[in-house]
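Worksheet: one structure, shown below.
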Amino acid sequence: MAAAVKRPPLPAILLANDLLDGDIVFATAAPDGALVWTRDPAHALVAADDPAAERLEAYAANQLATNHVVDAYLVDVAIEGGLPVPRHYRERMKTLGPSNRLDLGKQAGEGIDAQSKRVSA
Amino acid sequence: MYRYDEFDERFVRERVAQFRDQVSRRLDGSLTEDEFKPLRLKNGVYLQLHAYMLRIAVPYGTLSGRQLRQLALIGEKYDRGYGHFTTRTNLQFNWPKLRDIPDILDLLADVEMHCIQTSGNCIRNVTADHFAGVAQDELEDPRPTAELLRQWSSLHPEFSYLPRKFKIAVTGAEHDRAVIKAHDIGLRLRRHPDTHETCYEVSVGGGLGRTPMIGKVVRDYLPKPDLLAYLEAIMRVYNLEGRRDNKYKARVKILVHEIGVEEFKRRVEEEFARLDGPSVNADPAEIARIAAYFAPPAYETLPEVSRVLEATKAGNPAFARWVETNTTPHKAPGYTALTISLKPIGEAPGDATSDQMRLVADLAEQYSHDELRVTHAQNLVLPHVRQRDLFAIWQKLGEAGLASANIGLITDIIACPGLDYCALATARSIPIAQAIQQRFADDERQRLIGELNIKISGCINACGHHHVGHIGILGLEKRGIESYQITLGGESTENAKIGEILGPGVAAEDVPEAIERIVEVYLTQRVGNESFIESVRRLGLAPFKAAFQEVAHAVA
Ligand code: HEM
Ligand code: SF4
């Protein structure tokens, strides 16, 4: 699997499945500016222009090649209440979890530590 | 039940060890995802939307209490405390971590289970009538055949890289409860009118997915001993001539369709004649050995009808209703086959919690000769229940939320995982099933409507069998939102038929209303005690289409 094939319209975020656990992770900027993964969609780094999107693509390619994640690709988002929300309902599901089980997945705060937990709208 | 011999046991253990090694090589980076993916798929490990998914084979849907209890344990220890029973009578766990899967496979091997050939282009888990061995309309138990095919097809070197997946179903009964006509090969045990010997009717080229087809009969009476040679001939013709250039045209149904059933038959017969039958066919001693595992349990001699049961029913209408909808007449006097509904109103069809699995395992051990079945309709069956024990079972099921009296009714909906879990989905299926269930939750109303199968898939792959639902619902994407296409008149029985599209797709929130309109046409136009599907056959599509279009246009 190569890196994200076709770039979606911007702004966009990068998401993937963690190799070991399989759950969804998002590229974010660490305090030092380096790209790292977070499980919290609220912290996903939003690429608003081409250089930023290229940086995310390069990170995806690197992380796939070094076996940290699988199925990494860019997702176009809208900014709602200051947070990135995927425009397509499929990827929105990925940032939430099964809609019939609100007790599971990110919508239930799984894998997201308490401090960084997004206040649900 | 079938028990592994030492060969089966060693083979499964070796496979677990091999996969453990493959996972560790994936985790340390020596295998890339491209290299690893085909290996994980061979062991039933998929990547879904939110997590990995593990598909566990339940051969011909038969489980012991111990096996179900082990599944409960795995669900609790390594997943989120529940599993999903599928239309292929398998069990899927939705949240396993890759690092845990080798341990899960070891736990499965402890109870003679595995995930081999639950994915990939091979012969998949062989399914059978869920009332195998107990149904009154049965000529012969299909499971010895299914088990023979399982052994023959497991790691068959010639058939490990077929053009596409391959599914076989077997029934030994007059009424088809195994949807054999929607399988690549469907087998029906039947008696030859002249010789009175048991033979197979062999159908080929059924399948759902993007090009649904009903299987076509290629042999009316195949002598039983010739089974493996004949199937080998079919597989060879398919393996050589099935299309590998386009995965959407790679199933055997397309080959049968493209060259025609007569030509396909001719090629199979030619290959069959060329094959050295005796070297391929199973040794009669082996067939007898397998059959012995499926001998009926030692039933007690009981009166045809239990007086205890009749008396309890008389004093308890809710119980009586449940007995009426959820039990099926049994071969043995005084016994019944009990279907436990995994469709309580508002729950995901086919989901069972670990606690529920444990309860059913206990009930199977205590009341059903330690045997249970998974049905393609995503329910569970206790096949050998004494009628007089039904009340005790009902009470225990009730405490666990498993006493829904809706088998075969409008809320007994088949639904694939859809976009709530599946990475291939174009729309959700589970919430649609839940909304329809809520709308038709009233017990009396359900009974008034009678038998009606609704089947829902979240994409064109048709894992939820929507094409063969009396009412089929297919979730698609239309202009960035979920849209549902509704079909009518499909049948999954011996009268197998693909349903026809009623009109334009409707939005999720309009689906229950659309179903309501269709049901109303039936209720107002039915004659006598005609069932829904009988009315559809008699009336044709037109009145239903008209009623449906009102909804579709109102919202368009
Ligand atoms: C990760 C989840 C799944 C994936 C990737 C998947 C994939 C597919 C695909 C690609 C097809 C179309 C095959 C073809 O037309 O050649 C298909 C068909 C089918 N699948 Fe699934 N499926 C999944 C889950 C399920 C589940 C949960 C069930 C049972 C509820 C199921 C049962 C079936 C059945 C019955 C068919 C149609 C029969 C046929 O093969 O023609 N699958 N699946
Ligand atoms: S029908 Fe589609 S959405 Fe449903 S399980 Fe199959 S592949 Fe997934």
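Not measured: the values here are computed from a predicted model. So that the names make sense, note that chain A is the first sequence line, chain B the second, and so on, each numbered from 1.
In this structure, chain A has heavy atoms under 4.5 Å from both the backbone and the side chain of Leu49(B). Residue contact with chain A, scored on non-hydrogen atoms closer than 4.5 Å, involves the backbone of Leu31(B) exclusively. Residue Glu477(B) touches chain A through both its backbone and its side chain, counting heavy-atom pairs closer than 4.5 Å. Of the atoms belonging to Arg99(B), heavy atoms from both backbone and side chain fall under 4.5 Å from chain A.
Counting heavy atoms from C-beta on, the side chains of Tyr89(A) and Leu419(B) come closer than 4.5 Å. Residues Leu104(A) and His50(B) are not in side-chain contact: their nearest non-hydrogen atoms beyond the backbone lie 4.5 Å or more apart. Counting heavy atoms from C-beta outward, Leu98(B) and Asp21(A) have side chains that stay 4.5 Å or more apart. Side-chain contact between Tyr52(B) and Val70(A) is present, with at least one heavy-atom pair separated by less than 4.5 Å.
Of the listed residues (Arg87(A), His68(A), His88(A), Met93(A)), the greatest number of heavy-atom pairs within a distance under 4.5 Å of chain B belongs to Met93(A). When the candidates Asp103(A), Asn100(A), Thr66(A) are compared by the number of heavy-atom contacts under 4.5 Å with chain B, Asn100(A) comes out ahead. Counting heavy-atom pairs under 4.5 Å between each of Glu91(A), Glu110(A), Lys106(A) and chain B puts Glu110(A) at the top. Among Asp420(B), Asp100(B), Asp28(B), the residue with the largest count of heavy-atom pairs under 4.5 Å with chain A is Asp420(B).
Note that Arg101(A) lies in the cation-pi zone of Tyr82(B), set by a 6.0 Å cut-off to the ring centre and a 45° limit from the axis.
Leu19(A) CG to Lys97(B) NZ: the interatomic distance, rounded to the nearest 0.5 Å, is 12.5 Å.
Of residues 23-30 of chain A, those residues with a non-hydrogen atom less than 4.5 Å from any non-hydrogen atom of chain B are, in numerical order, Asp23(A), Ile24(A). Using a 4.5 Å cut-off between non-hydrogen atoms, the part of residues 16-27 of chain B that approaches chain A consists of Arg26(B), Leu27(B).
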